[in-house]
Amino acid sequence: MNTAPRHLLDVDEWPAEAIEAVLDNASRTRDAGERHGNELLGCRVVLLFTEPSTRTRISFEMAARSLSAETYLVDPASSSMVKGETLVDTVRNLDALGADMVVLRHHRAGAAWVAARYFGGAVVNAGDGWHAHPTQALLDLLTLRRAFGGGADALRGRKITIVGDLLHSRVARSNVWTLSRAGAEVWVSGPAAWLRGYSELGVTATPDVDAALDGASAVMGLRVQKERMRGSSLSIDEYIDRYQITDERLARAASGAFYLHPGPINEGVEVSRSVARGPHSLVLEQVANGLAVRMAVLALLAPSAPRGLRGPRVDFSHVAR
Amino acid sequence: MNTAPRHLLDVDEWPAEAIEAVLDNASRTRDAGERHGNELLGCRVVLLFTEPSTRTRISFEMAARSLSAETYLVDPASSSMVKGETLVDTVRNLDALGADMVVLRHHRAGAAWVAARYFGGAVVNAGDGWHAHPTQALLDLLTLRRAFGGGADALRGRKITIVGDLLHSRVARSNVWTLSRAGAEVWVSGPAAWLRGYSELGVTATPDVDAALDGASAVMGLRVQKERMRGSSLSIDEYIDRYQITDERLARAASGAFYLHPGPINEGVEVSRSVARGPHSLVLEQVANGLAVRMAVLALLAPSAPRGLRGPRVDFSHVAR
Amino acid sequence: MNTAPRHLLDVDEWPAEAIEAVLDNASRTRDAGERHGNELLGCRVVLLFTEPSTRTRISFEMAARSLSAETYLVDPASSSMVKGETLVDTVRNLDALGADMVVLRHHRAGAAWVAARYFGGAVVNAGDGWHAHPTQALLDLLTLRRAFGGGADALRGRKITIVGDLLHSRVARSNVWTLSRAGAEVWVSGPAAWLRGYSELGVTATPDVDAALDGASAVMGLRVQKERMRGSSLSIDEYIDRYQITDERLARAASGAFYLHPGPINEGVEVSRSVARGPHSLVLEQVANGLAVRMAVLALLAPSAPRGLRGPRVDFSHVAR
């Protein structure tokens with residue numbers, strides 16, 4: 001790769017060859033069943049999470065340590081670092097401590113870009129507000145490719161339908177980008193209020209879930225929470241009645257269509273238990289692929305050597321002597 | 001051992017030879033002063049705690065890392081994993097991530113059995129509700145054996161008395177089983193309301209603490225908390241007056257009888273400071289033995305090789321191509 | 001060193017040669033850009049924090065792991081260990097588990113001394129109430145020495161001014177001691193109510209910040225929090241107006257005078273952003289020096305070998321057989 005990216009802020013900022021390199025690497029890890037490496041030996045990887053997300057945190061933590069990194073956790077429970085100071089100060093501090101990578105989950109959209117501006121190492125966006133979650137998009141893409149038995153062209157011409165709370169999803173927009181770019185025909189469905197803005201992304205947005213499912217090769221569910229139904233005009237019961245992905249509803253899709261979900265799943269809300277745990281569910285494949293993809297991302301962004309304590313930023317030669 | 005157990009859910013499910021193997025191994029660790037090993041090299045051990053229990057967590061964490069495991073902590077403070085999804089989903093996720101062991105402290109009785117059903121690696125029960133706490137029972141047994149200077153027969157015919165809040169103890173029932181099986185004559189004592197069901201376990205249950213202590217070789221205290229006195233008909237002051245283990249009360253036991261307590265101790269409630277920290281207190285022995293026992297349990301349950309990322313569960317060959 | 005200290009409780013208990021050894025070692029680490037070592041290989045270092053302090057915790061955690069220690073975190077979020085029992089019990093437990101070091105941040109003044117009485121390994125005080133924070137004093141001293149381009153004499157005769165909430169600072173008193181001992185002329189300034197007791201320490205205490213700044217070679221800021229202004233007779237706005245360190249106010253100090261702050265900084269309160277991030281700010285130098293100093297402290301206090309599980313404290317030979 002001529003110009004390896006320095007950060008992973010969002011997938012749409014990465015060159016195609018970086019995406020392909022990560023997917024290839026992760027796919028080999030899955031084929032081999034596991035991988036351990038020294039790419040991050042002696043490196044300090046800080047997992048900076050301002051909102052709880054145990055499963056993403058554990059996945060990144062396992063990925064970093066499988067590459068021999070030292071990991072340090074700053075989570076909401078211990079986030080005096082975050083509360084008592086701005087993100088900028090936190091990141092400047094981590095930079096001075098010689099951290100090599102910051103994996104950032106932040107409640108505010110755009111936080112990863114702010115961090116990247118002040119951090120000398122690599123920043124990996126592990127979710128910023130409802131904005132982006134690039135490793136999720138990459139692992140979803142990998143999961144679909146592997147399920148469809150192929151490489152970069154495996155999704156071309158396939159209909160992929162995303163159903164659920166598209167308004168509060170940090171996953172959906174990143175996925176629309178990667179899936180469209182992979183040549184898929186992307187549909188999104190859910191209550192009309194949640195679909196705003198999606199048709200501008202070049203996808204077909206419709207509240208008619210039957211039409212959206214018709215002939216789809218894969219259905220990607222999104223979490224639906226009672227407390228967020230206000231954004232819609234439906235009650236949770238109406239949502240379940242009209243949009244829950246059940247075996248019956250899934251039968252409208254292509255024969256043997258896959259079901260994916262980024263988790264955590266509200267079984268009985270956005271999807272029935274039968275589909276979520278059924279023979280065409282790729283949910284656990286996503287989890288395993290997620291670890292493999294995160295390892296590949298961290299390996300790609302690994303510094304050639306640990307950065308070490310940052311040298312003096314102050315010119316001591318002419319002052320106050 | 002012909003059939004090494006796969007999990008440690010409760011002591012009464014373990015074959016005698018597994019228990020003996022663990023106690024022998026742990027006793028050698030104590031004799032040697034310490035032990036480090038590679039039994040869990042490259043293994044992912046997840047400490048999944050849905051309720052706070054720092055001392056048990058630290059003990060297991062030290063045990064796992066002394067055997068070269070990678071440990072991952074999911075605690076109540078970061079338990080979105082636990083709140084946002086069911087235990088079953090959490091465990092299925094950890095399985096897909098290739099975790100080798102889950103050490104589970106859960107607020108619900110029976111949780112470890114549920115986890116074991118969905119997890120491909122080993123589950124170690126670190127306390128489920130008020131139900132069981134098998135490593136505590138094992139470390140108590142080891143502590144008594146070593147104090148009585150012997151092997152499997154060291155407890156035979158000895159009177160061992162358990163005093164305290166037997167109703168809310170996850171320790172007492174497991175201990176009754178191991179101590180009875182070791183040939184000890186087990187007595188339990190405390191306010192009558194807390195003794196319900198114990199006589200059915202084949203022990204002598206009596207609110208008369210003097211009778212219970214008379215001639216005992218060891219007294220095992222249990223934590224008594226003000227907020228749980230409702231289960232009894234006594235006030236906390238009445239409990240202290242009638243049941244606190246003091247030097248005077250302990251004098252009714254055999255000369256030099258030992259005092260044990262699983263901790264954390266409420267000094268001045270269930271026991272006087274003088275007894276808790278006195279020359280016959282085995283409390284710190286229990287702590288040291290606890291680490292040794294947990295190392296032995298983890299070593300016994302260690303996989304022959306790390307499990308790695310779990311392979312495809314979905315047959316991709318006939319679907320949606 | 002003839003008698004290496006066993007603990008670091010406060011700087012004023014350390015012999016001069018221990019302080020010099022730490023500063024030399026840390027300075028070499030900074031010159032080299034980084035250092036990794038095996039001084040704590042196989043050692044268990046427990047970070048016991050009863051109040052949140054992520055940045056001090058991360059710095060100590062990085063320091064310990066850079067020396068190959070196994071670190072264990074007990075923080076406020078998981079502090080059942082701390083809530084459910086006394087500090088003494090916690091420390092006795094950690095001792096029995098064979099912990100080699102306890103790095104203690106505690107909300108009560110004097111806690112580190114209590115811990116040291118019951119712990120067989122080394123105790124490092126990482127801040128006790130508003131009392132002491134010895135590694136901060138050491139890193140501040142190192143930072144000033146390196147900025148002034150010299151060794152033990154670099155501060156001699158220089159005026160150093162501390163401005164801010166001197167009443168609630170765990171840093172100021174330790175700094176007064178180290179700076180005075182290094183031959184500096186120490187001034188402290190802030191609202192009169194915050195200056196009580198400082199003149200007895202042999203420093204010049206004045207509410208007149210202009211006089212305090214006049215000709216100073218370095219200004220050390222202390223955090224000022226709205227909720228603590230009650231200790232003063234000023235409002236937060238009055239404080240900002242009269243005491244905030246701005247470029248204009250800093251111009252009263254010596255040409256090129258440095259600005260230091262232990263963090264976290266309330267930009268716009270005790271200091272302007274322009275000064276805090278300006279060319280003479282040593283704030284990030286302090287952060288990097290902090291890691292180097294903590295590595296040096298831990299290395300100096302490292303045991304010759306890991307302590308291991310503590311042997312029997314009970315004489316089993318004459319009791320209850």
Side-chain angles (χ1 to χ4, degrees), chain B residues 29-36 49 51-59 61-63 65-66 71 73 75-78 146-150 154 158 216-218 223 225 253-258 263-267 276-292 295, chain C residues 41-50 52 54 64-65 68-100 102 117-120 303 305-321:
Chain B
T29 298
R30 289 307 316 281
D31 289 341
E34 186 60 276
R35 187 172 86 85
H36 282 85
F49 278 57
E51 53 176 27
S53 174
T54 307
R55 67 171 59 214
T56 298
R57 188 260 294 175
I58 292 280
S59 182
E61 195 175 354
M62 286 185 176
R65 288 168 68 183
S66 296
T71 56
L73 178 61
D75 67 9
S78 64
R146 286 174 64 85
F148 292 135
R158 291 188 183 273
S217 292
R223 188 168 171 85
Q225 288 179 284
S255 162
F258 293 113
I265 298 178
N266 270 333
E267 278 187 0
R277 304 195 190 176
H280 297 151
S281 169
L282 294 178
V283 169
L284 296 178
E285 275 294 293
Q286 291 172 278
V287 174
N289 287 336
L291 177 47
M295 286 177 67
Chain C
L41 188 65
C43 289
R44 296 170 176 142
V45 174
V46 178
L47 306 161
L48 179 57
F49 278 57
T50 73
T54 307
R65 288 168 67 183
S68 306
E70 294 169 13
T71 56
Y72 299 91
L73 177 62
V74 183
D75 67 9
S78 65
S79 63
S80 73
M81 196 169 209
V82 176
K83 278 178 210 156
E85 59 190 289
T86 63
L87 175 63
V88 170
D89 279 331
T90 302
V91 164
R92 281 161 48 96
N93 268 272
L94 294 175
D95 186 66
L97 286 168
D100 295 283
V102 170
R117 198 150 59 225
Y118 291 91
F119 186 62
R307 299 170 68 226
L309 285 169
R310 311 314 302 156
R313 279 182 188 64
V314 184
D315 178 2
F316 294 144
S317 55
H318 302 297
V319 281
R321 291 289 153 84

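Here is how names work: the chains are called A, B, and so on, in the same order as the sequence lines, proteins then strands, and each is numbered from 1.
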Quiz prompt | Heavy-atom pairs under 4.5 Å with chain C, option from B:Arg35, B:Arg277, B:His36 with the top count | solution =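 Counting heavy-atom pairs under 4.5 Å, the top option is B:Arg277.
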Quiz item: Among B:Glu51, B:Arg65, B:Glu61, who wins on heavy-atom pairs under 4.5 Å with chain C?
Solution: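 That would be B:Arg65.
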What's the shortest heavy-atom distance between [X] and [Y], and which atoms?
{"X": "C:Leu73", "Y": "B:Ile58", "value": "O-CD1, 4.2 Å"}
{"X": "C:Arg44", "Y": "C:Leu97", "value": "NH1-O, 3.1 Å"}
{"X": "C:Asp100", "Y": "C:Arg307", "value": "OD1-N, 2.6 Å"}

Practice problem: Taking side-chain hydrogen bond (donor to acceptor under 3.5 Å, both in side chains) as the test, write out the residues that go with C:Glu70, two or more places apart. | Solution: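 Listed in chain order: C:Tyr72.
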Exercise. With a 4.5 angstrom heavy-atom cut-off, could you sort out which part of B:Glu267 is near chain C: side chain, backbone, both or neither?
Key: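 It is the side chain, since no backbone atom gets that close.
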